[in-house]
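Structure record follows, encoded as structure tokens.
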Amino acid sequence: MVRLPELAHDVATALAGALPPDAGVGADDLAGWLQPPPNPELGDLSLPCFRLARPLRRAPDRIAADLAERLGDDPRFAAIEAQGPYLNLRLSVAYAAARILVPWAAGLSAPRQDRETKVMVEYSQPNTHKAFHVGHMRNLSLGDAIVRLLRAEGYPTVAANYLGDMGVHIAKCLWWYLDVLSDEERTPPAHHRGEWLGQLYANATRKLAAWKEAAEAGDADAAERLAAAEARITEIHRKLEARDPEIVPIWEETRRWSIEEFDEIYEWCGVRFDHVFYESEVDRMGLALVEEYLQKGLFVESEGAVGIVNEEVPHMPFFMLRKRDGTGLYATKDLALAILKFEKFGIDRSIYVVDSRQSDHFRHVFLTLEKMGFPQARKCEHVPYEMVELPSGPMSTRTGNVVLFRTLRETMTRYVEDNYLAKYRGDWPDEEIAHVAHQVALGAIKYGMLARDVNQKIVFDMEAWLQLEGNTGPYLQYVVARSRSILRKCAEVGKRLDPSVLEPGPARDAACAALTAPEERDVVLALAQFGQVQARAAEQLRPHQVCAYLFDLAKRFNRFNRACPVKPSEGPLLQGRLLVVTAVVEALVRGLDLLGIPAPERM
RNA sequence: GCGCGUGUAGCUCAGUUGGAUAGAGCGUUGGCCUCCGGAGCCAAAGGUCGCAGGUUCGAAUCCUGCCACGCGCACCA
């Protein structure tokens, strides 16, 4: 890929050559210091010379002036000017366009370097027997985007899910299912059985909460019912953990309902996992580890429970790993799972995408693993993110303030069909309308979830996310669709990109040199930043940077579209503009793909 | 109380790891369609970057102390 680092590196190499050899400053340093000037009239790239002042023992403005003089006749620059301590460079458009546009338009934008470090990204982690809702979409979108970014940067990456198919929540759900429902009620619907189970779970928790409240208010009957239910739930939980043959078939059947529903959701979302871990495969291994390290003296007993004292976390040093009743916790399983990941997959880096409330938890997990003599603990990292709320407040299954996934999908898809695609009905095939509605709804939800940085809370606002104006997924998809339309319309009158423009030679040079409008230069320079943005986003595991970049690119491209009509153009200018459109469409599509967002052919 | 995070335009958020006059979207106001998709573009208005100190050529960014809000703090996941 032609990255800005490469373009900047061309420039930086030229700059380095103009510096005294004993400066101790290399092209790499310089490339990192180059930045766009605040005002585009000043140039395309700028080198602040402050940091050269010390090694060169000269004033920054003198350095800038000297560099300007020495670079005077480099053909890659259209203008070089020292502005106080800044060296401002204007690139030759012909050079930049050939360097940037041509590879994109030729589809050569992604020959990535292969890397050694094998990475696993664990994300999604829904609980079976519970409902999948909008809140889960942030984790899913984020984890998937991180996987895509890492792969784009050449890291072999294992996308891993970790299903919560073991635990008290299942005991609660099964209590309701077995003890409260009548025989007729116990028949699940034909479809969306996972969601149905989630409702059972929600009913159970609501009833338990109601009893508890009544009991605390002095209701003896409620207290009795609550005690009975809790005893029964504990019994079911024990049987689950012991794999009691009485409960296992029911557990397996209901669990499958949830998993089938999850699979359907992931397919709609375009998310594919390479491996799925289950809590049920690590719970006993976790307890065995607890026993082993209790014997070794690393873990200690406290009030009947077992845990480890991590003084490194002073505000809550005791990390519990086994409850008084002998059962394990989430933490217990995480110890086993972490080890399993490294042993089974030979990974070198292990990423956990889990909300920020678990930051202390993971600090403890990684500290504990290290003390257990598991050096790979240092290769584990938690990627925290803030929660999703609804305009009506925090999400809660108990109060019913949730938007379930199916509602989300259906409402959004219908909105897109009714508001954007209705006019094409009868004109386009029904399947295409349904397909595009799916793509746009998905783009809206994913972009909304990814456009904010991870440490910002998100308020889910479906209407706003679905708008085609402003910083939304559908806006970007629309820009792509409109641009593809331009290329189609041009092709209809025989105006196509000449293949020779993609090869070095006079045709390419003429087309690139014809791009003299400021809007054209602007797009070329924006496009040049793609690689750098991708690299940073992958390095920092923060996909929102890609969103911001794509939106900026799209804005600039719209200005180009307004100012530089393609179809009426002729000759080298036509070829140059076709090159711009083709390259930007490629870049936008590829950028959206990094976010897991599809780009419709037309919409 | 302790820990983590957040505080930037009326609202929602960026801000390239310390650089030039702090930017965008929405909203508001005013312009631009014989023209490849106007679902677009242009312009205006809107800021003590929570507050106070400090570090240096230079701070929204780094350090300290406050203030406000969110989240987490032992048998839930």
Side-chain angles (χ1 to χ4, degrees), chain A residues 4 32-39 42 46 48-51 53 59-60 83-86 88 125 127 130 164 166-169 279 302-307 313-331 333-334 354-361 363 384 386-387 389 394 419-420 451-459 461 464 467-472 474-475 478-479 481-493 495 519 529 532-533 536 540 544-545 547-549 551-552 555 558-569 577 581 602-603:
Chain A
L4 181 65
W33 297 344
L34 285 168
Q35 59 186 28
N39 182 344
L42 293 171
S46 170
C49 298
F50 304 99
R51 275 179 273 205
Q83 188 94 26
Y86 295 91
N88 293 328
Q125 312 113 326
N127 284 328
K130 279 172 116 172
M166 205 29 82
V168 197
H169 66 282
E279 284 190 28
S302 170
E303 298 172 33
V306 174
V313 190
H315 59 284
M316 44 176 289
F318 188 70
F319 185 47
M320 186 178 295
L321 294 162
R322 193 173 77 191
K323 292 186 277 186
R324 198 181 303 161
D325 66 5
T327 58
L329 298 97
Y330 197 56
K333 298 168 203 168
D334 259 336
V354 181
D355 75 74
S356 61
R357 294 175 304 188
Q358 320 271 336
S359 295
D360 282 329
H361 165 81
R363 227 186 129 198
E386 287 295 323
M387 304 302 291
E389 293 185 1
N419 291 282
Y420 306 144
R452 235 132 290 168
D453 202 354
V454 287
N455 51 22
Q456 292 287 350
K457 189 180 74 182
I458 290 181
V459 176
D461 186 341
Q467 295 311 304
L468 289 142
E469 52 180 33
N471 190 3
T472 68
Y475 167 83
Y478 181 75
V479 172
R482 195 154 42 98
S483 308
R484 282 172 161 163
S485 168
I486 291 172
L487 294 175
R488 275 196 303 270
K489 291 276 163 58
C490 287
E492 282 170 11
V493 295
K495 293 185 169 180
E519 291 85 0
Q529 298 179 43
Q532 186 185 39
V533 171
R536 287 182 61 89
Q540 302 179 5
H544 82 282
Q545 293 172 347
C547 295
Y549 168 72
F551 182 63
D552 178 67
K555 272 319 266 181
N558 268 340
R559 288 188 198 116
F560 160 83
N561 276 332
R562 175 84 188 127
C564 307
V566 182
K567 204 167 123 190
S569 307
R577 289 180 173 173
V581 178
R602 50 182 188 172
M603 64 186 269

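Below, each value reflects all heavy atoms present in this structure, side chains not excepted, and no hydrogens, waters or symmetry copies. In what follows, chains are A, B, ... by sequence order, proteins preceding strands, each numbered from 1.
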**Message:** Under a 3.5 Å cut-off for both contacts, is B/rC36 paired Watson-Crick or G-U wobble with anything, and if yes, with which nucleotide?
**Reply:** none
**Message:** Give me the distance, rounded to whole Å, that separates B/rG15 from B/rU61 when you measure between the P atoms they each carry.
**Reply:** 15 Å
**Separation of the P atoms in B/rA22 and B/rA45, to the nearest angstrom** = 14 Å
**Fill in**
One should read off an interatomic distance between A/Glu492 CD and A/Lys567 NZ, to the nearest 0.5 angstrom, of 7.0 Å
**Proximity to the side chain of A/His315 - top-ranked nucleotide from B/rU17, B/rA24, B/rG3** = B/rG3
**Request:** Nearest whole angstrom, please: distance from the C1' of B/rA20 to the CG of A/Leu34.
**Result:** 15 Å
**Prompt:** Is A/Asn88 side chain donor-acceptor paired with the B/rA20 base, going by distance under 3.5 Å alone?
**Reply:** yes
**Asked** Can you check the A/Gln467 CD to B/rG38 P distance for me, whole Å?
**Response** 18 Å
**Message:** Looking at B/rU16, which nucleotide sits across from it as a Watson-Crick or G-U wobble partner, both distances under 3.5 angstrom, or is there none?
**Reply:** none
**Fill in**
When both distances are under 3.5 Å in a Watson-Crick or G-U wobble arrangement, the nucleotide paired with B/rU56 is none
**Request:** Quickly work out the A/Asp325 CG to B/rC76 C1' distance and round it to whole Å.
**Result:** 12 Å
**Message:** OP1 or OP2 of B/rC41 versus the side-chain N and O atoms of A/Lys555: is any pair under 4.0 Å?
**Reply:** yes
**Request:** Check if the side chain of A/Gln540 and the base of B/rU16 share a donor-acceptor pair of N or O atoms closer than 3.5 Å.
**Result:** no
**Prompt:** To the nearest Å, how far apart are A/Asp453 CG and B/rG70 P?
**Reply:** 21 Å
**Prompt:** Whole-Å distance between B/rG38 P and A/Tyr420 OH?
**Reply:** 17 Å
**Asked** With nearest nucleotides of RNA chain B determined for A/Phe318 and A/Ile458 from heavy-atom distances, which residue corresponds to the more 5′ nucleotide?
**Response** A/Ile458
**Request:** Identify whether any heavy atom of A/Gln456 sits under 4.0 Å from a base atom; if not, whether one sits that close to sugar-phosphate; answer base, sugar-phosphate or nothing.
**Result:** sugar-phosphate
**Complete:** From the candidates B/rA14, B/rA77, B/rA20, the one with an atom nearest any side-chain atom of A/Leu329 is B/rA77
**Request:** Measure the OH-OG distance between A/Tyr478 and A/Ser483 for me, rounded to the nearest 0.5 Å.
**Result:** 10.0 Å
**Request:** With syn defined as a glycosidic angle within 90° of 0 and anti as everything else, classify B/rU29.
**Result:** anti
**Asked** Who does B/rC51 pair with, Watson-Crick or G-U, both distances under 3.5 Å?
**Response** B/rG65
**Euclidean distance, atom CG of residue A/Asn455 to atom P of B/rC69 [Å, nearest integer]** = 20 Å
**Asked** Which atoms form the tightest heavy-atom contact between A/Ala464 and A/Thr472, and what is the distance?
**Response** O-CG2, 3.5 Å
**Message:** Looking only at the side chain of A/Leu468 (C-beta and beyond, no hydrogens), which of the listed nucleotides B/rA74, B/rA39, B/rG7 gets closest?
**Reply:** B/rA39
**Message:** Under 4.0 Å, counting only non-hydrogen atoms across every strand here, what does A/Val168 touch: a base, just sugar-phosphate, or nothing?
**Reply:** sugar-phosphate
**Selection from B/rU6, B/rA77, B/rG19 that lies nearest to any side-chain heavy atom of A/Asn127** = B/rA77
**Complete:** Among B/rG27, B/rG19, B/rA77, the one nearest any side-chain atom of A/Glu469 is B/rG27
**Request:** May I ask you to say what A/Asn561 touches in the nucleic acid, namely base, sugar-phosphate or nothing, with a heavy-atom cut-off under 4.0 Å?
**Result:** base
**Asked** How would you label the contact of A/Tyr475 with the nucleic acid (heavy atoms, under 4.0 Å): base, sugar-phosphate, or nothing?
**Response** sugar-phosphate
**Item:** Spacing between A/Tyr478 atom OH and B/rC36 atom P, to the nearest angstrom
**Value:** 12 Å
**Asked** P atom, B/rC32 versus B/rG53: distance in rounded Å?
**Response** 50 Å
**Request:** Looking at every strand, decide which applies to A/Arg324 at a 4.0 Å heavy-atom threshold: base, sugar-phosphate, or nothing.
**Result:** base
**Request:** Name the nucleic acid region contacted by A/Met316, choosing base, sugar-phosphate or nothing; use a 4.0 angstrom heavy-atom cut-off, strictly under.
**Result:** sugar-phosphate
**Message:** Over all strands shown, is A/Ser46 touching base, sugar-phosphate only, or nothing at heavy-atom distances under 4.0 angstrom?
**Reply:** base
**Message:** The side chain of A/Asn558 is closest to which nucleotide in this list: B/rA77, B/rG19, B/rC41?
**Reply:** B/rC41
**Asked** Base, sugar-phosphate alone, or nothing: which one does A/Cys564 contact when heavy atoms must sit under 4.0 Å apart?
**Response** base
**Request:** Give a yes or no on whether the backbone of A/Ser485 and the side-chain of A/Arg602 come within a donor-acceptor separation of less than 3.5 Å.
**Result:** no
**Request:** Would you indicate which nucleotide in B/rG15, B/rC32, B/rC36 comes nearest to any side-chain atom of A/Arg562?
**Result:** B/rC32
**Message:** Please name the nucleotide paired to B/rG3 by Watson-Crick or G-U wobble geometry with both distances under 3.5 Å, or report none.
**Reply:** B/rC71
**Request:** Choose from B/rG19, B/rA14, B/rA77 the nucleotide whose nearest atom is closest to any side-chain atom of A/His544.
**Result:** B/rA14
**Asked** If only atom types and distance count, is the side chain of A/Lys495 paired as donor or acceptor with the main-chain N or O of A/Ser569 below 3.5 Å?
**Response** yes
**Asked** Hey, does A/Thr472 reach any base, or is it just sugar-phosphate, or nothing, if we go heavy atoms under 4.0 Å?
**Response** nothing
**Asked** A/Phe50 stacking on B/rG19: centroids under 5.5 Å, ring planes under 30°?
**Response** yes
**Asked** Using a cut-off of 4.0 Å on non-hydrogen atoms, how would the nucleic acid contact of A/Ser485 be classed: base, sugar-phosphate, or nothing?
**Response** base
**Request:** Considering just the side-chain nitrogens and oxygens of A/His361, establish if one lies under 4.0 Å of OP1 or OP2 belonging to B/rA74.
**Result:** no
**Prompt:** Across the strands shown, which category fits A/Lys567 at heavy-atom distances under 4.0 angstrom: base, sugar-phosphate, nothing?
**Reply:** base
**Asked** Between A/Arg559 and A/Glu519, is there a side-chain N and carboxylate O pair less than 4.0 Å apart?
**Response** no
**Request:** Go through A/Met603 and A/Leu468 one step at a time and tell me if the side chain to side chain contact (heavy atoms under 4.5 Å, CB included) criterion holds.
**Result:** CA-CA 11 Å; A/Met603 64 186 269; A/Leu468 289 142; 3.4 Å; yes
**Asked** In terms of the nearest nucleotide of RNA chain B, which residue is placed more toward the 5' end: A/Pro394 or A/Leu487?
**Response** A/Leu487
**Item:** B/rC41 glycosidic torsion: syn (within 90° of 0) vs anti
**Value:** anti
**Asked** Separation of A/Asn471 atom CG from B/rA24 atom C1', in whole Å?
**Response** 8 Å
**Request:** Classify the nucleic acid contact of A/Lys457 as base, sugar-phosphate or nothing, counting any heavy atom under 4.0 Å across all strands shown.
**Result:** sugar-phosphate
**Prompt:** Could you walk me through whether A/His315 and A/Asp360 pass the side chain to side chain contact (heavy atoms under 4.5 Å, CB included) check?
**Reply:** CA-CA 10 Å; A/His315 59 284; A/Asp360 282 329; 3.3 Å; yes
**Request:** Give A/Pro48 one of three labels, base, sugar-phosphate or nothing, depending on what nucleic acid heavy atoms sit under 4.0 Å from its own.
**Result:** nothing
**Prompt:** If we take the C1' atom in both B/rC11 and B/rG3, what is their distance in whole Å?
**Reply:** 31 Å
**Prompt:** With distance as the sole test, does A/His361 use its side chain to make a donor-acceptor pair with the main-chain N or O of A/Tyr330 at under 3.5 Å?
**Reply:** no
**Complete:** Closest of B/rG72, B/rA14, B/rA77 to the A/Asp360 side chain is B/rG72
**Item:** Between OH on residue A/Tyr475 and CD on residue A/Glu469, distance to nearest 0.5 Å
**Value:** 10.5 Å
**Message:** I want to verify a distance call: between B/rA74, B/rA14, B/rC71, whose nearest atom is closest to the A/Arg357 side chain?
**Reply:** B/rC71
**Paired nucleotide for B/rG25 [Watson-Crick or G-U wobble; both distances under 3.5 Å]** = B/rC11
